[in-house]
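A note on names: the letters A, B, ... follow the listed sequences, proteins ahead of strands, and every chain is numbered from 1. What's counted below: heavy atoms across the whole structure, side chains too, no hydrogens, waters or symmetry copies.
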Amino acid sequence: MDPNYDPQKIEAKWQARWEQMKLFEADIDPARKKYYVLEMLPYPSGDIHMGHVRNYSIGDALARYMWMKGYNVLHPIGWDAFGLPAENAAIKNQRHPAEFTFSYIERMRGQLKRLGFSYDWRREIATCVPEYYRWNQWFFLKMYERGLAYRKKSRVNWCSLCQTVLANEQVVDGCCWRHEDTPVIQRELEQWFLKITAYTDRLLEDSQYLVRWPERVLTMQQNWIGKSFGTLVDYELLGLGEKLRIFTTRVDTIFGCTAVFVAPEHPIVERLIAASPNPAKLRAEAERIKASAVRARVGVDLEKLGVDTGFKAVNPYNGEAVPVWLANFVLMEYGTGAVMAVPAHDQRDFEFCTTYGLPIRTVIVPSNSGGAELTPPSEGAGGGAPKEAFIEYGRLINSGPYAGLSSEQAIERMTRDAEAQGFGKGSVQYRIKDWGVSRQRYWGTPIPIIYCETCGIVPVPEKDLPVILPRDVKLTGQGESPLANVPEFVATICPTCGGPARRETDTMDTFVDSSWYFYRYTDPKISTAPVNRQAVGYWFPVDQYIGGIEHAILHLIYMRFFSKVMQDIGLVDFPEPVARLFTQGMVIKDNVKMSKSKGNVVDPTEMCAKYGADTVRLYMLFAAPPEKDLDWSDAGIEGASRFLNKVYRLVAKHADKLCPVGVWKNSGDAGTAELSAEERRLLRKTHQTLHHVTSDMEGRWHFNTDIAMAMELVNELSDLDSAAEAGKIRPEVHKSAIEDLILILSLFSPHIADELREALGHSETTQQVAWPEYDPVLSAEDELELPVQVNGKLRGRIRVAVGAGEEEIRSRAQAEEKVAQHLNGRQVVKIIIVPQKLVNIVVK
RNA sequence: GCGAAAGUGGCGGAAUUGGCAGACGCGCCAGACUUAGGAUCUGGUCCCGCAAGGGGUGGGGGUUCGAAUCCCCCCUUUCGCACCA
C-alpha cells in the first residue's frame, strides 16, 4: 500500500472499478425493499457548481447508507437539457444550441463521474431528445383532449431580455426570475395554457399526504394557490343598463360601501368612456391611472391614485348609488377586477378615500362592545377622525336588517339573500392562474398543434408524434418564434381534412420537461408510453427528493399537478409522487450566493484536482448542517483534506499487520470481560460513534455532527496508537474499530474508504457491506463522571460506577472537597439527582 | 407592513428530552522534529482576574432546584408574501 495518500490515483481507480462492477445499477427485484433517492436534475450550463456538489453529496450519502442497509436503491441522474441559456449562447457564438447542450452534458457528466456519485448511469436521460420530448407532446395532447390545455388571448408577462413569455410563477417582484433587474412587461398574446386551476383543490387537499415535506414549502404553495371564499355582488350602473360585478370576502361590510373601484384595464372602462360626456378627458385619465398601475406592480410602495368616472353604481343591498372610480391598486387579474370600497373596514380603501375625501361609514364594531357602543375604537374616545380601518370581524351596525349579526353570520346570510334575489352569489377565488406554457423561442418542445383554415385548431394525431424540432433554424433572439421562419416545419397538411395547414411555432416552457422526468428514470427507454406502469409500481413513490427551495412554487407545484393529471389518465395510481422532500441551503461565499455574476464561484472540478473528490464532498457535508446555508471557506477545505490524510496514514501504518488478522467480534459477556481497558475504551468510542451516525442517518441528517464524531474516533485511535503498538490492544480489536470507521467514512468519502478497506484485506467494496450495528453493551460507559452543582452552580465532579445507587451518589457528592466547601455552614434543602447526568444540591 | 426561520468564542458550527455551554473543524499562541515548513506531532485557546472567584448563548423580564433550550416584551438578520379585495 502506498504510504502517501494520493486521492487522484485512488479515486480514478475506484471509479473505474465501481463502473466495471456495475455497483450502482439497480433493477426491479420484488423480493427486496426498494428505496428511491432523487436529486433535482441539473441544467447543462457548462460546469457543475458547488450547489450541485452539495445537493448530490447529500443524496449520495443517503443512497450509500440505504444500499448498506440492504435496500435496492434507485439513484438516477439526467439533464434538464432544453432552455434559454443554450439558445442565447448559440446566438452569440453562431453555433447550434444542440451542440452546446450535448458538449456541456458531456463535460458535466465527466465532472459528476469525477466526483464519484453512485448513479445508475444506464438511466441517464436528456430532455432535449425526441425520445423524451415526444412524451411532453403526448401529455399535451392528453391534456388537450381533457380540456386541460387551451389557447387564449390574454395579457401575459414578457421579459425583454429572454424575448419570451413567462409564467406567473417565473415573475419575481415584477421582474424576470432569470433577470432580477429586468421588469416584466405585459403583452397581449395568443398563448397555450395548462389548466392547473382545475387542480387547485386537490393540490391543497393532498398536502395532507406530504407530512414529510418542509412546512415552509407547503405554506408557500398554499399562499401561491391563494384560495379565498367570498361573495360576488352585481352593482347596477346607472344610465348604462349594465351590471358591474365585484368580489368581496367581507360582504358583511357592504352597508359601509361608499364607492366602487374598478381596475383601469377593466373592459367596462371602454363603455364608460363611450357614455361619458367628455370621453377624451376620461380616456386620458384612465390611461394615466393605467400607467401608474404598471409602475406600481414593479415598485414596492406606491401612491394610490384614482379618478372619479362620474358614473354611479347601485348597491343592491341598500339601493344606494355610489360613485364609480378607477383606482390604480385594483388588480384586473384577480377576482372580477372591480371591488366595493369600504373605507371604514379596509385599510386600502381607507387610505384611498381619505386622500380623495370620500365618506367613511362605520358598520362593524368589535363583538365585545356589547352592542351599546357604536363607535369603533379607531375613531378614538374624543370622536376625532379615525387613523385606520377596523378590519377585524365584529358585530354589524347601520346595516339594515342585518344589524346585530356577527360578521360570520352576516356573511352567510347576506350571501344567501343575494343568491335568492339574484344579484349575487357565493364564490371561491384563487390567486393562482393557469400555467402559460407557450414560449416564443426555439430550444424547447414543439407544441403539437396544427392550425387549419377550415378545421381550426387540430391536435397532431398521437401516431404522428414526435413533432421533431427542426435542426436548421435561424436564431435571432428577436422575440418571435424562430420556428415561424422555417417554412418546411410550418407547412403541413391538416390531419382532419388533408388540406394545407400550418404548425404551431411556439415551444413549451421547460418546466413541462421537469414535471415528470423522475417517472422516466424507472424505465428510461420505453418507447410505447411515457412511463412503464410496472416499473413505476415498484419504484414509486420517490422516497427522498433533495433540492433547492427556490423551486417551491415552480417545479414542485408543476410536478404535483402533472402527477394528478397522470393519475386521472390512469398512468399512475397515487396522488403524490414524492413522499419526502428535503431542501438544502445555498452555498455562499463572502455573504452572497455563489454565482458567475458575483464573481465568487469556486469550481468543484478545480477543487477535485487540488484535493480530490472525497475531500470536496466531505467538506460540503462537514461545514454546515445541510438545510442551512454553507459558507465556503478555503481554510475549511484544507481541514477536511488534513483529516483524510490523517486517516489514511493511520490505517496505512497498521495495514500490513492488520491485513491477515480476523476481526474481533463480541461474543457476549465473556468476550466483553476479556477486553483490556484500552480495548474497552476504543470499542466504546467506536460504538458510540456508530450509534450516533446510525440514528442520524435515519432522518436527522446532520452530517456535520456525524463527521465530527468520526473525527473524534480518529483522535481516539490516534491517542491509543502507542497502546496498540505496545500490544495492549489486540490487532483483531484494533481492526474492528478501524473497519467501522471506514464504513462510516464511506458514506461521505467513498473512494478512500474503499482503498483503505482493500488494504485491510477485503475484496468487496464498502457499499456491498452490511451497515454495522452498534453494540449497546460496548458503547455503554461503566464509570460516569457526574458534575455536582450547589444551587445550580458547578462546584465539583465525582466518579461513580454506572450502577451506583442514589444513596452513594448523595454521600459522595456531599463529600467532594470543593462541594463540601460550599456546603459548609449551610443547610441542605434538597438533592436532585438526574440519572447519568448530574447532581444538584440545593442549600440555604 | 404581514408571515416564517434564525441570532451561541476571532470564524464555521455542537449541545437529539429543561441538566457540565462552546463537541468537531478553522484560525491563533507556545513547544517538538527539521537545512527548511504553508508537512507532521504535543500542549494551550469564551471573557475578567495572579488567584480564590465572578461573568457569559442579541437585549430586558418570567417560570424552574436548574434555561442556549419553555413563556412574555423588545432589537437585529435572512427568507417568503406584499395592495389578492
Side-chain angles (χ1 to χ4, degrees), chain A residues 172-173 214-217 219-220 223-224 226-228 230-231 246-251 253 261 263 293 296-297 300-302 304 327-331 333-342 345-349 351-352 391 429-432 549-550 552-553 585-586 591 618-619 622-625 627-640 642-643 645-646 649 692 695-696 699-700 702 704-715 718 785-797 818 821 829-844:
Chain A
V172 179
D173 290 338
E215 197 54 47
R216 193 156 62 118
V217 173
T219 306
M220 281 168 75
N223 292 342
W224 183 255
K227 182 178 189 175
S228 53
T231 313
I246 61 107
F247 174 73
T248 178
T249 55
R250 291 296 303 275
V251 72
T253 66
F261 295 157
R297 311 249 152 93
V300 179
D301 248 346
L302 59 133
K304 286 184 173 54
N328 65 345
F329 69 91
V330 178
L331 303 171
E333 14 345 314
Y334 183 77
T336 61
V339 299
M340 64 180 195
V342 183
H345 305 293
D346 181 288
Q347 188 58 27
R348 297 155 299 185
D349 297 345
E351 288 166 23
F352 190 96
I391 59 170
Q429 297 289 327
Y430 298 90
R431 183 192 133 109
I432 194 172
I549 188 127
E550 64 273 17
I553 53 157
M586 289 184 302
N591 296 319
L618 188 77
Y619 175 64
F622 179 62
E627 71 278 7
K628 286 185 60 177
D629 284 352
L630 182 156
D631 200 358
W632 177 269
S633 144
D634 292 325
I637 195 171
E638 290 279 350
R642 221 176 290 169
F643 169 69
N645 268 287
K646 185 173 174 178
R649 281 195 311 273
H692 176 95
S695 64
D696 191 73
R700 201 173 80 118
H702 278 199
N704 54 329
T705 65
D706 300 336
I707 294 165
M709 289 287 284
M711 287 172 170
E712 287 187 50
L713 176 55
V714 170
N715 291 342
S718 168
E785 191 182 67
L786 285 184
V788 182
Q789 299 177 334
V790 177
N791 283 352
K793 285 197 192 300
L794 182 67
R795 296 301 180 187
R797 298 167 184 284
K818 285 205 170 136
Q821 281 171 27
V829 180
K830 186 154 67 160
I831 298 181
I832 292 151
I833 297 175
V834 185
Q836 321 280 311
K837 294 281 189 187
L838 62 51
V839 181
N840 188 14
I841 303 173
V842 186
V843 299
K844 64 175 184 188

Requested in this report: Tell me what A:T705 touches on the nucleic acid: a base, only sugar-phosphate, or nothing, going by heavy atoms under 4.0 Å.
Outcome: sugar-phosphate
Query raised in the report: What does A:G639 touch in the nucleic acid at a heavy-atom separation under 4.0 angstrom: a base, only the sugar-phosphate, or nothing?
Result: sugar-phosphate
Who does [N] pair with, Watson-Crick or G-U, both distances under 3.5 Å?
N	answer
B:A4	B:U78
B:U40	B:A32
B:G27	B:U45
B:G19	B:C65

In whole Å, measure the gap between the [atom1] atoms of [N] and [M] for me.
N	M	atom1	result
B:A32	B:A14	C1'	31 Å
B:C29	B:G38	P	12 Å
B:C2	B:G9	C1'	36 Å
B:G13	B:A6	C1'	14 Å
B:G59	B:C79	P	24 Å
B:A30	B:C65	P	49 Å
B:G44	B:C26	P	16 Å
B:U17	B:C11	C1'	30 Å

Query raised in the report: Do A:I549 and A:R216 pass the side chain to side chain contact (heavy atoms under 4.5 Å, CB included) test, and can you show the C-alpha distance, the side-chain angles, and the key distance before you say yes or no?
Result: CA-CA 9 Å; A:I549 188 127; A:R216 193 156 62 118; 3.1 Å; yes
Separation of atom [atom1] in [X] from atom [atom2] in [N], rounded to whole Å:
X	N	atom1	atom2	result
A:D629	B:U78	CG	P	12 Å
A:K793	B:G54	NZ	P	6 Å
A:K844	B:G66	NZ	P	15 Å
A:M711	B:G12	CE	C1'	12 Å
A:R700	B:A14	CZ	P	8 Å
A:I553	B:C81	CD1	P	6 Å
A:D706	B:A23	CG	P	18 Å
A:L618	B:C24	CG	C1'	12 Å

Could you tell me whether the phosphate oxygens of [N], OP1 or OP2, come under 4.0 Å of any side-chain nitrogen or oxygen in [X]?
X	N	value
A:N715	B:G25	yes
A:R795	B:G54	yes
A:R649	B:C41	yes
A:R642	B:C26	yes
A:S228	B:A85	yes
A:R216	B:A6	no

Check [X] against [Y] and note the closest heavy-atom contact, atom names and distance.
X	Y	value
A:A341	A:D349	CA-OD2, 3.4 Å
A:F247	A:T336	N-OG1, 3.5 Å
A:P787	A:K837	CD-O, 3.1 Å

Given [options], identify the nucleotide with an atom nearest to the side chain of [X].
X	options	result
A:N704	B:U16, B:C81, B:G13	B:G13
A:F622	B:C20, B:G54, B:G25	B:G25
A:P625	B:U42, B:G25, B:G13	B:G13
A:A635	B:G12, B:C26, B:C24	B:C26
A:T249	B:U16, B:A85, B:A82	B:A85
A:R431	B:A85, B:U42, B:A82	B:A82

Report task. Test side chain to side chain contact (heavy atoms under 4.5 Å, CB included) on A:N791 and A:V842 and set out the steps. Result -> CA-CA 5 Å; A:N791 283 352; A:V842 186; 3.7 Å; yes
Requested in this report: Assign the ring pair A:F352 / A:F261 to parallel, tilted or perpendicular, where the plane angle (0 to 90°) is split at 30° and 60°.
Outcome: tilted
Query raised in the report: Going by modelled atom types, is there a donor-acceptor pair between the base of B:U16 and the side chain of A:H702 at under 3.5 Å?
Result: no
Report task. Could you pick out which residue, A:T219 or A:P787, lies toward the 5' side of RNA chain B when each is mapped onto its nearest nucleotide? Result -> A:T219
Query raised in the report: For RNA chain B, whose closest nucleotide is more 5', that of A:Y619 or that of A:K646?
Result: A:Y619
Query raised in the report: Within the side chain of A:N328, is there an N or O that forms a donor-acceptor pair under 3.5 Å with the backbone of A:K304?
Result: no
Query raised in the report: Judged by atom type as modelled, is there a donor-acceptor pair below 3.5 Å linking the side chain of A:Y619 to the main-chain atoms of A:S633?
Result: yes
Requested in this report: Kindly determine whether A:N715 and A:K646 satisfy side chain to side chain contact (heavy atoms under 4.5 Å, CB included), including the steps that lead there.
Outcome: CA-CA 10 Å; A:N715 291 342; A:K646 185 173 174 178; 3.0 Å; yes
Query raised in the report: So does A:I833 have more than 12 non-hydrogen atoms from other groups sitting under 6.0 Å from CD1?
Result: yes
Report summary line: Assigned chi class of B:G58 under the 90° convention is anti
For nucleotides 63-65 of chain B, list the nitrogen or oxygen atoms of the protein found under 3.5 Å from its nitrogen or oxygen atoms, one pair per line.
{"residue": "B:C65", "atom": "O2'", "partner": "A:N840", "partner atom": "ND2", "Å": "3.4"}
{"residue": "B:C65", "atom": "O2", "partner": "A:N840", "partner atom": "ND2", "Å": "2.6"}

Requested in this report: List the steps and the verdict of side chain to side chain contact (heavy atoms under 4.5 Å, CB included) for A:V788 and A:R795.
Outcome: CA-CA 6 Å; A:V788 182; A:R795 296 301 180 187; 5.9 Å; no
